[in-house]
Amino acid sequence: MYKAVQAMQVVAVRAVRAVRVRARMGALARGDAGMATAEYAMGLVAAVAFAVVLYKVVTSGAVSAELQSIVKRALDAQV
């Protein structure tokens, strides 16, 4: 479960970074100095929403059972 939370954090950070990069590229094209507070807030909200959706999917019954199955097979594997 901890790995899933870490994965979601990584995804959220990457999403925020991607929004920042896109905003900077747009700012360079427009000649603006940086991203406005409203744009930053919307990017952050989008990243958090994506992380929540990913968390719900990973913790759903079917996905959770499949992840447990994968871990069990990995632990039972013979070398």
Side-chain angles (χ1 to χ4, degrees):
M1 178 66 103
Y2 181 70
K3 295 244 184 222
V5 173
Q6 280 183 327
M8 287 186 299
Q9 288 174 341
V10 168
V11 168
V13 167
R14 286 181 181 165
V16 168
R17 286 181 183 158
V19 168
R20 287 181 183 168
V21 167
R22 276 188 242 119
R24 286 184 191 141
M25 295 299 283
L28 289 174
R30 292 188 313 261
D32 290 343
M35 185 164 48
T37 303
E39 292 170 340
Y40 181 78
M42 290 305 295
L44 188 59
V45 168
V48 169
F50 182 72
V52 168
V53 169
L54 185 62
Y55 176 76
K56 289 293 187 180
V57 168
V58 169
T59 57
S60 70
V63 174
S64 180
E66 187 62 30
L67 289 172
Q68 287 177 357
S69 163
I70 291 169
V71 170
K72 183 174 178 166
R73 279 185 277 148
L75 293 175
D76 291 340
Q78 303 218 354
V79 180

A.B. asks: What residue pairs, at least two apart or across chains, pass salt bridge (charged side-chain N to carboxylate O under 4.0 Å, His left out) with a residue in residues 60-69?
C.D. replies: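 Sorted result for residues 60-69: E66-R73.
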A.B. asks: Does F50 share a hydrophobic cluster with V63, counting links as ILVMFWY side-chain heavy atoms below 4.5 Å and allowing steps through other members?
C.D. replies: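 Both belong to a single hydrophobic cluster.
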A.B. asks: Just by distance, do the side chain of S64 and the backbone of G61 share a donor-acceptor pair under 3.5 Å?
C.D. replies: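 No.
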A.B. asks: Working to the nearest 0.5 angstrom, can you tell me the gap between T59 OG1 and L67 CG?
C.D. replies: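 The OG1 atom of T59 sits 10.5 Å away from the CG atom of L67.
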A.B. asks: Is there a path from Y40 to M42 through hydrophobic residues (I, L, V, M, F, W, Y) whose side chains come within less than 4.5 Å of each other?
C.D. replies: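 No, because Y40 and M42 fall into different hydrophobic clusters, even though each may have its own neighbours under 4.5 Å.
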A.B. asks: Name all residues meeting the side-chain contact (heavy atoms from CB on, under 4.5 Å) criterion together with V48; count only those two or more places apart in sequence or in a different chain, and write none if there are none.
C.D. replies: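 V48: side-chain contact (heavy atoms from CB on, under 4.5 Å) contacts with V52.
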